[in-house]
Structure formats: C-alpha cells, structure tokens
Amino acid sequence: MNGLAISDFIAALPKVELHVHIEGTLTPALRWKLAHRNSITLPYATYEDLEASYAVTLNHRPELNGRQPGIPTFLEAYFAGCEVLRTEGDFYDLAMAYLRRCAAMNVRYAEPFFDIQAHTRRGVPATAVLDGYLRAQHDGADQLGVHSRWIMCFLRDEPVEQGLAAYAEARPWAAGTVEGGKGLFHAVGLASNAYERPPMLFEEGFTLAQADGLHVTMHCDFGQKDTHAHMNEAIFQVRNGQGSERIDHGLDAEDQEELWQGLIDRKIGLTLCPHAYHRRTATEVLFPKIRRLAERGVQICINSDDPTLMHDVWIDGNMQKVYTYCGFSKGEMVQLARNAVDMCWAEEEIKHDIYEELRKVDISE
Ligand code: ADE
Ligand code: ZN
C-alpha cells in the first residue's frame with residue numbers, strides 16, 4: 001500500500017468510515033465492466049491503459065496552479081469515472097463493491113457521500129441512483145453486516161438553486177423527520193470544487209435539511225484558497241450561527257488558534273484523509289500537524305476520501321499512515337477509531353456494539 005505494509009493490528013481494528021465518496025471507490029475493473037455493460041466507449045484502448053490512468057498525479061488546484069496540458073484535474077478524473085454509471089443496477093453494484101470491501105477491512109459502519117447532481121445532470125434519473133444505493137444499504141447490512149447511513153452532497157461549484165432542486169428530488173429517500181422517508185441519507189454535505197464557493201452560499205440547503213431532522217457536514221479542503229475563511233464560516237456561521245456538526249478535512253484549522261479552539265469549544269470533529277494530503281505534503285510537515293491537532297484536543301478520525309483515485313489507499317492504509325508517521329501507540333489508534341464512533345450518526349445499538357469491540361482490542365505494545 002503506497003510504500004507501507006498494513007500491520008495485523010491495523011487490519012483487525014474495527015473501523016468506522018465517515019469520509020468516503022462512493023463515486024471515488026469506483027475501481028478501474030468495475031468501470032471497465034460497466035462501460036461494456038452500457039456500451040460506452042472509454043478513451044482507453046485496453047484495460048491496462050485505463051488502469052495506468054489511475055496511477056498519475058492529478059492537477060489539484062488549476063485555478064491557483066494553472067492547467068497542465070494533458071493532465072486532468074482531480075475532479076475531472078472523478079466525474080469522468082461517473083460516466084459509466086447509468087442504471088439502478090450500476091449504482092447498486094458500485095455500492096455493494098464498496099460495502100464488500102468494508103467487510104474485508106473490518107469497517108463495521110460507514111457514512112458514504114453521494115453526488116446526486118453528478119448523475120442527474122447527465123440525464124440519469126434520480127430514482128436509479130437513490131434506489132440503487134438504498135438496495136445496497138439494506139443488502140450490505142443484511143448480507144455483509146456492514147451498516148451505512150448516507151450523506152447527500154451539494155455540488156458547491158454548481159448553482160445553489162440546482163442543489164436545492166436536487167435536495168427536493170432526493171428528499172423522499174431521506175431519514176430524519178421526512179414523512180415516509182426511505183431512510184437512505186441522514187445528512188447533507190458539501191463537496192466538489194471549493195474555489196470561491198464558501199459554505200455560507202449553501203446556508204439555505206443546510207437549514208432546510210436541519211428542519212427535516214438531518215445532520216449537516218461540509219468539506220473545508222486542505223490548502224484551498226480562502227481555506228481559513230471557509231473554516232470560519234463552517235465553525236461559527238452556518239446553521240444560523242450554530243456551526244457545522246462535523247467538518248470534512250479542515251486540517252488548516254491547526255494554523256489559527258481561533259479556529260482549532262472553536263472546533264474544541266463547539267465539539268466539531270474533523271474527518272481527516274491523511275493520504276489525500278500526503279500526496280502533496282511532506283511527511284515531516286503533515287503528520288506533526290495531525291498530531292498537534294489531536295494533542296490539543298480536537299476530535300479527529302481517519303478516513304479514505306476517494307481511494308481508487310488516491311493510489312488505492314483505503315481506510316486501513318490511511319490508518320497505517322498515521323500509526324507509522326504520527327507515531328501513535330496502539331491505544332491512541334483505538335482512540336481514533338473510538339472518535340469515529342463518537343462522531344458518527346449511527347443508531348445507538350450499533351455504536352454500542354463497536355465501542356464494545358474496541359474495548360476488547362489488545363493494546364499492549
Ligand atoms: N468530491 C469527490 N471527491 C472530492 C474531493 N476529494 N474533494 C472535494 N470534493 C470531492
Ligand atoms: Zn472528500
């Protein structure tokens with residue numbers, strides 16, 4: 001795994017994943033299969049060419065760094081992958097493949113993000129997306145023992161009105177207090193390109209979701225332009241000044257006391273994805289930064305983001321990275337896993353079972 005072997009201890013640790021984009025788990029193999037199933041021509045002559053395209057380092061901040069000819073941006077590559085997803089069965093297969101992988105990695109519970117707008121804007125019916133994920137949510141729990149509650153993301157680089165319309169369309173699949181809601185998603189999030197798209201633009205979406213009894217989280221990408229201002233909005237301004245319930249990434253809070261103290265005071269946890277940052281940040285800079293946040297008392301948990309577009313590093317690989325490079329003890333790693341249980345929006349019974357499992361983990365060094 002990206003230069004590190006996953007230890008038996010990390011592999012066996014019961015896990016909770018709170019930051020994974022389901023579309024970012026599409027493997028080259030499933031993409032190839034779905035392209036054939038749907039008679040879609042991919043811009044790769046062979047499967048090997050497709051696979052090789054996943055090994056490249058993508059351009060992450062074209063607005064800041066300029067475009068590199070021939071190199072897609074990260075999000076271009078991500079949305080290009082979505083092209084092969086067309087039918088209810090495709091979305092089901094994608095989600096079940098992820099949940100099967102969860103079972104193999106000892107992930108007991110997950111809260112995957114989905115981007116409904118990425119599909120409806122291509123003409124895919126919302127029902128295909130939502131029914132596919134809903135069926136996988138049920139089968140994942142019944143057949144694999146992997147429970148999940150999903151998060152509908154607003155695409156922040158699309159018009160706000162389009163996001164609100166997507167929410168209205170997806171609402172019958174929500175949980176919370178939505179009458180007759182099918183229980184797929186329990187929260188809304190905010191994803192895609194954050195460039196000049198601060199969280200407060202989506203305040204109406206957050207308050208609508210909150211009024212429906214849903215949870216609210218939002219991305220504050222690491223190293224984005226205006227990242228500290230975005231964090232300020234996410235901690236102190238959204239939801240009529242209550243702040244977000246969680247923040248996805250948010251690592252830049254470490255730079256400013258007002259921000260990290262705000263996270264502590266308001267009990268806002270961060271869903272970190274270390275490998276995502278490690279692709280572009282030196283080991284000696286990144287892991288001490290993560291460690292400092294934890295030592296100051298900010299609640300953090302470890303996740304994967306878009307594993308197939310991030311060198312096939314999944315939650316276990318991300319945990320191995322902090323275990324190795326932050327120098328955390330086994331006890332501290334169990335605490336990180338426990339933080340994810342604290343931060344998650346699972347049923348109390350499921351949380352209880354995972355806490356019990358974690359209590360039994362052997363932490364002798
Ligand atoms: N949507 C999917 N992956 C994302 C990422 N890494 N950052 C922002 N939005 C995303
Ligand atoms: Zn993310």
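Just the heavy atoms: all of them, side chains too, but no hydrogens, waters or symmetry mates, feed the values below. If you're wondering where the values come from, they're calculated on a predicted model, not measured in any experiment. As the structure lists them, so they are numbered: ligands from 1, and atoms in each ligand from 1.
The Zn ion (ligand 2) is closest to atom OD1 of Asp305 (considering only N, O or S atoms).
The pair Glu111-Arg149 does not count as a salt bridge, with every side-chain nitrogen at least 4.0 angstrom from each carboxylate oxygen. Salt-bridge annotation for Asp305 and Arg279: absent, with no side-chain N of the basic residue lying under 4.0 Å from a carboxylate O of the acidic one.
Residues His219 and Phe113 place their aromatic rings such that the two centres sit under 6.0 Å apart. The ring of Tyr54 has its center no closer than 6.0 angstrom to the ring center of His311.
Close N/O approach between His249 and ligand 1 is not found [any backbone or side-chain N/O within under 3.5 Å].
At the shortest separation from atom 5 (C) of ligand 1 among protein heavy atoms lies Asp306 OD2, 3.7 Å.
Metal site remark for the Zn ion (ligand 2): His19 contributes an N, O or S atom at a distance under 2.8 Å. Here Asp306 fails the criterion, with no N, O or S atom under 2.8 Å of the Zn ion (ligand 2).
Contact of the Glu284 side chain with the Tyr325 side chain is not registered, since no non-hydrogen atoms from C-beta on lie closer than 4.5 Å.
Tyr195 and Asp226 form no side-chain donor-acceptor contact under 3.5 Å, judged by distance and modelled atom types alone. Glu63 and Asn193 are linked by a side-chain donor-acceptor pair at a separation below 3.5 angstrom, with hydrogens and angles left out of the test.
The shell of residues lying under 4.0 angstrom from ligand 1, judged by heavy atoms, excludes Gly24.
Here the angle centred on the Zn ion (ligand 2), running from NE2 of His21 over to NE2 of His219, is 90°, rounded to 10°.
Of the candidates Cys273, Ser192, Ala194, Gly189, it is Ser192 that places a heavy atom closest to atom 9 (N) of ligand 1.
Of all the heavy atoms of Asp305, the ones lying under 4.0 Å from any atom of ligand 1 belong exclusively to the side chain. Contacts between Phe74 and ligand 1, counted as non-hydrogen atom pairs separated by less than 4.0 Å, involve the side chain only.
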